[in-house]
Amino acid sequence: MPATYDAIPGNEPLVGSPSPPSRWQRVKNSLTRRRMGVILCLLIFASLITGIALVLLLPETSPLEDHDYQRIHPPIKPGISTRAMEEGLAKCQSIQRQKPINQYNPSRTTNPRAPSNVQTTLLKNAIVWDGQGNVLNDVDVLMQDGVIRRVEKDIRIDDDNGNNTKVIDVKGRIVTPGLVDMHSHLGVFAWPSLAALRDGNEQSNPLTPFVRALDAFYPDDKGIRIVASGGITTSLVLPGSANLMGGEAYAFKLRAVPTRSNEDMLVQAGIDPETDAEERWMKWACGENIKNDYGKLLGEMPVTRMGEAYLFRKELERARNLLIEQDDWCSAAENLGEGERLESRFPETLELEILVALLRGDVRLNIHCYETHDIEAMVRHSLEFNFNISAFHHALDAYLIPDIIRRVRNKDTITIATFADHWGYKKEAFNGSPYGPKILHDANITVAIKSDHSVTNAQHLMFQAAKTHHYGVPEQVAFQSVTSIPAKALGLDHRVGSLKPGYDADVVIWDRSPLALAATPLQVFIDGVSLFDDPVIENEQHQQSTINNDAAAAAEDVNIAIDAFNSMHGESSFVLSNVGRIMLGKDVIEGPAQLTVINGTIACADQDCRMTMDANMPTIDLKGGHVIPGLIAVGSKLGMVEIPSERSTGDGIGQPSTSADPHAIIRAIDGLKLGTRHLEEAHKGGVLTAITAPMSNNIVAGLSTAFKTGAKSSLDEHAVIAPTVALHLQIGHAFKSASFPTISSQIAFIRRLLTENMDANNDYGRAARGEIATIITVENKDEIASIIRLKEQHLKNARIAIMGGAEAHLLAYPLAKADIAVILRPALCTPKQFDSLHCLTGAPLTEGTAAHVLFRNNVKVAVGVLYDGWTRNLAWDAGWLSATATGSNDKQRITDADAMRFVTTNIQDIFFGPQQQQQVSDFVIWSGNPLQLHSRPLATFDPQNGIVQLTSS
């Protein structure tokens with residue numbers, strides 16, 4: 001211990017302070033403190049004794065009786081507030097109560113969505129497809145107060161209401177319920193696609209079941225009215241497929257409302273939840289998208305399907321635990337005595353609310369899954385956690401595993417919501433077959449056809465259903481796949497998807513059979529409100545020309561012809577008789593006609609070829625079938641890549657470069673990969689030739705090559721038609737880069753390349769002089785205008801064609817004057833991007849499409865391929881344009897022959913020049929008119945292989 005106080009560090013006296021106390025003073029102070037402590041203890045002890053004595057001396061009761069005191073001051077017991085307790089009990093009752101079951105009511109007379117002033121409408125003389133498989137001939141349809149009131153013959157209106165009723169004589173047209181699209185991203189991936197409007201994926205976490213499409217839906221999406229113009233009246237709008245649990249979906253009617261309210265556009269707007277069950281829907285996804293978006297791009301879980309499965313199960317386990325806690329809370333709460341309260345609130349959390357609802361059976365689950373093992377994994381999860389799956393979406397492999405699909409708990413109500421023939425764009429979509437819907441139907445598994453808008457344009461949902469009919473699904477079942485079947489899968493089949501008394505007045509008047517190619521609504525009603533101008537309904541007979549009235553007989557003829565061609569495999573001398581139309585080159589020979597081939601050479605194509613026939617030559621009666629050249633696919637990636645999402649299956653994508661070196665131009669022939677499934681499917685569709693450019697993001701894509709789709713190797717004899725065909729250039733926002741950040745810099749680069757090499761002996765010079773074609777991919781009208789100026793000022797001899805051309809119709813006359821052709825890709829455009837904002841989407845919104853405007857103005861038109869998997873539909877793409885031809889002047893209308901030229905000889909003119917047209921030596925034999933849906937290619941002929949039967953997919 002220190003000898004002095006001063007020695008203790010920190011106790012040094014301050015300057016000017018008194019001297020420290022002496023040792024004796026410190027002892028004295030200590031004794032004083034002890035004495036004061038003793039006194040304090042004595043006082044406390046005395047107080048305690050006094051308190052005890054007072055308690056003992058007081059009477060047993062106070063002047064206020066016990067029960068009165070307790071009445072005024074009840075005992076305070078531990079627990080949550082009375083209000084919290086009541087709220088929790090109300091939630092328990094909501095969980096346990098019997099919810100209303102939505103049932104069809106034929107006597108229903110009101111629609112909560114209908115405007116108060118909706119006009120009563122009577123459709124006279126209709127053929128009704130009711131959406132439930134029935135066809136009613138020569139009936140009337142009465143719509144009143146937003147509801148279908150009567151469907152019967154000779155409906156007469158009371159005099160009191162007659163003056164307020166609009167009467168439309170549909171003159172034998174087919175009238176149907178509005179179509180139901182159960183997989184759409186309308187409003188959350190709006191048109192035009194702008195970064196500000198891409199709200200379909202909350203891509204911050206793979207598990208976001210708690211987000212809602214309702215909160216992102218953009219009611220001014222240009223796509224809404226376009227889709228409605230295709231007859232779609234109800235769409236289930238889902239979050240996208242970037243997440244395992246994407247969020248809550250909502251069903252919208254595609255009719256603008258005066259309030260501009262998303263909620264007022266809902267199918268269930270205004271319903272009474274006591275009598276009409278509120279349906280809920282949720283979107284999940286599995287497979288490639290999620291592990292690519294998180295694992296490949298972000299390096300986060302899930303990296304594999306194993307990780308996906310774990311995250312699903314982990315989140316479901318959390319939801320199941322919460323459900324158990326809720327049930328336990330309710331059980332405990334319901335067994336409490338009077339006045340008792342639990343110590344904790346009803347357990348719930350917003351992020352798990354919809355998952356708990358799913359486990360309770362209150363949510364319809366829609367799962368994006370393609371492949372067999374992905375579908376089975378989701379079935380396994382559903383059995384482990386005891387929930388139902390309403391529908392598997394996309395599910396292109398579902399046709400391979402009907403037994404696995406039937407393992408789900410709700411096997412009698414599950415739906416496969418799939419594509420008609422969209423396939424091949426990634427590995428999990430590669431096994432898709434257009435016969436998938438038929439196979440599933442034959443296995444008694446319910447199939448709906450949906451759009452996945454805007455991946456495919458929902459405006460043409462009816463066309464997708466028509467394709468399933470082409471591939472074997474019965475007519476009315478194909479129609480139900482876009483009406484009552486999806487409506488039932490959504491739990492809305494008591495109100496939408498059928499045309500019967502009591503249903504919402506969502507009605508479509510069609511210009512022809514809904515399953516005919518290019519079927520288009522004349523008018524669409526939603527809740528009894530007409531969406532478009534009143535149509536001028538022409539004579540019935542004119543409109544029926546494209547309807548296949550005898551599909552069964554046509555199918556039988558096909559089978560007979562297939563057998564005949566099978567027996568003639570490799571034959572190089574034969575006769576085709578009773579040909580409906582022959583088109584070999586630009587000229588058309590109308591049937592009945594004959595065609596003779598002798599030793600691989602076409603000897604005669606005319607109405608009478610008897611002079612060239614030999615009695616021993618085999619003869620096939622085509623029964624009206626057509627003979628046309630092989631179709632030509634341009635604009636596709638055929639031969640350059642097999643699975644676009646798998647880099648190893650393709651040549652690769654050229655990156656932006658500023659090089660002007662003509663020796664650096666890429667040639668497609670160096671990257672060809674033949675003998676692939678995409679080429680095989682194209683060949684089966686009658687496409688015998690492909691002209692393909694290199695894949696590139698550069699302004700200069702490279703030099704295209706022309707080759708036979710049926711070839712197995714580029715070294716096969718006659719496989720390559722021309723190693724170098726055209727120079728391909730690209731302009732637009734999609735091709736901006738650090739090297740070319742502006743479109744003006746792109747155009748300047750093209751101007752420099754072509755003008756500076758005008759006299760050079762290289763490919764740029766050849767293109768500038770017109771020795772080879774120059775194909776420029778561009779959509780926007782102003783960029784097309786720059787190309788027109790470029791040709792007129794600097795490249796008068798160049799053979800320039802526009803590829804894409806969504807807005808080319810706005811410059812039809814200048815294009816014709818400059819002799820610039822247009823390859824429409826696709827034939828039917830959309831305002832999906834800002835640079836195609838002014839495209840023509842067709843009736844009933846626009847009079848015709850770009851093809852019709854360009855054709856009327858004498859622009860050479862061709863049709864290109866947008867999706868490689870759709871190459872087999874090239875004849876239908878052309879046929880759509882002739883089927884929807886408009887104009888009173890027959891010379892300005894696109895005929896079937898004109899449409900065939902769009903995919904054959906016009907392409908030859910554009911790429912090879914009119915002077916280089918050659919006599920057709922190979923052709924395709926079709927069962928009927930290639931431009932109609934019931935027809936199909938039966939066999940091909942070429943001098944090297946003779947007749948070769950085309951087999952089905």
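Note that the structure is a prediction, hence the values are computed from the model and not measured. Numbering starts at 1 and runs along the sequence shown. Heavy-atom basis, side chains included; hydrogens, waters and symmetry copies ignored.
Here the side chains of Met640 and Leu672 are in contact, with some heavy-atom distance below 4.5 Å. Using a 4.5 Å heavy-atom cutoff, the side chains of Pro656 and Asn697 are in contact. Counting heavy atoms from C-beta on, the side chains of Ile823 and Phe911 come closer than 4.5 Å. The shortest distance between side-chain heavy atoms of Val720 and Ser714 falls below 4.5 Å. Two residues are said to be in side-chain contact when any heavy atoms from C-beta on lie closer than 4.5 Å; Ile628 and Thr904 fail this criterion. Taking 4.5 Å as the limit, some side-chain heavy atom of Asn857 sits within range of a side-chain heavy atom of Val853.
Aromatic ring pairs are classed by plane angle as parallel below 30°, tilted from 30° to 60° and perpendicular above 60°; the pair His422 and Trp870 is tilted. Taking the six-membered ring where the residue is Trp, Phe430 and Trp423 present tilted rings, their angle falling between 30° and 60°. Ring geometry for Phe855 against Phe902 counts as perpendicular: the plane angle is over 60°, on a 0 to 90° scale with 30° as the lower cut.
Residues meeting the side-chain contact (heavy atoms from CB on, under 4.5 Å) test with Lys427, sequence neighbours left out: Glu288, Glu371, Glu646.
Taking 4.0 Å as the cut-off between side-chain N and carboxylate O, Arg677 and Glu680 do not count as a salt-bridged pair. Using a cutoff of 4.0 Å between basic side-chain nitrogens and carboxylate oxygens, Asp716 and Lys708 are not scored as salt-bridged. One finds a salt bridge joining Arg305 and Glu428 here, because a Lys/Arg side-chain nitrogen approaches an Asp/Glu carboxylate oxygen to under 4.0 Å.
Residue Ile643 holds its CD1 atom at 5.0 Å from OG1 of Thr649, rounded to the nearest 0.5 Å.
His394 contributes no side-chain N or O that, together with a main-chain N or O of Tyr370, makes up a donor-acceptor pair within less than 3.5 Å. No donor-acceptor pair under 3.5 Å is formed between the side chain of Thr692 and the backbone N or O of Ser704. No donor-acceptor pair under 3.5 Å is formed between the side chain of Glu779 and the backbone N or O of Ser836. Put simply, the side chain of Ser193 never gets that close to the backbone of Gln833: no donor and acceptor are under 3.5 Å apart. In this structure, Asn906 contributes its side chain and Val861 its backbone to a donor-acceptor pair below 3.5 Å. Between the side chain of Glu308 and the backbone N or O of Gly287, at least one donor-acceptor pair lies under 3.5 Å. No donor-acceptor pair under 3.5 Å is formed between the side chain of Arg872 and the backbone N or O of Ala682. Judged by distance alone, with hydrogens and angles left aside, the side-chain atoms of Arg799 form a donor-acceptor pair with the main-chain N or O of Ile910 at under 3.5 Å. Side-chain N or O atoms of Lys637 include none that pairs as donor or acceptor with a backbone N or O of Asp868 at under 3.5 Å.
Between the side chains of Gln459 and Asn457, at least one donor N or O sits under 3.5 Å from an acceptor N or O. Under 3.5 Å, the side chains of Asn243 and Tyr294 contain a donor-acceptor pair of N or O atoms.
Within 6.0 Å of NE2 on His794 lie more than 12 heavy atoms contributed by other residues, nucleotides or ligands. Summarising the local packing, CG of Asp661 is surrounded by more than 12 heavy atoms from other residues, nucleotides or ligands at distances under 6.0 Å. In the displayed structure, Lys673 atom NZ is contacted under 6.0 Å by more than 12 heavy atoms of other residues, nucleotides or ligands.
For the side-chain contact (heavy atoms from CB on, under 4.5 Å) test with Leu881, the passing option among Asp896, Asp898, Leu828, Leu931 is Leu828; the others fail.
The side chain to side chain donor-acceptor pair (under 3.5 Å) pairs that include a residue from residues 803-823 are Asn780-Glu807, Glu807-His838, where partners are two or more places apart or lie in different chains.
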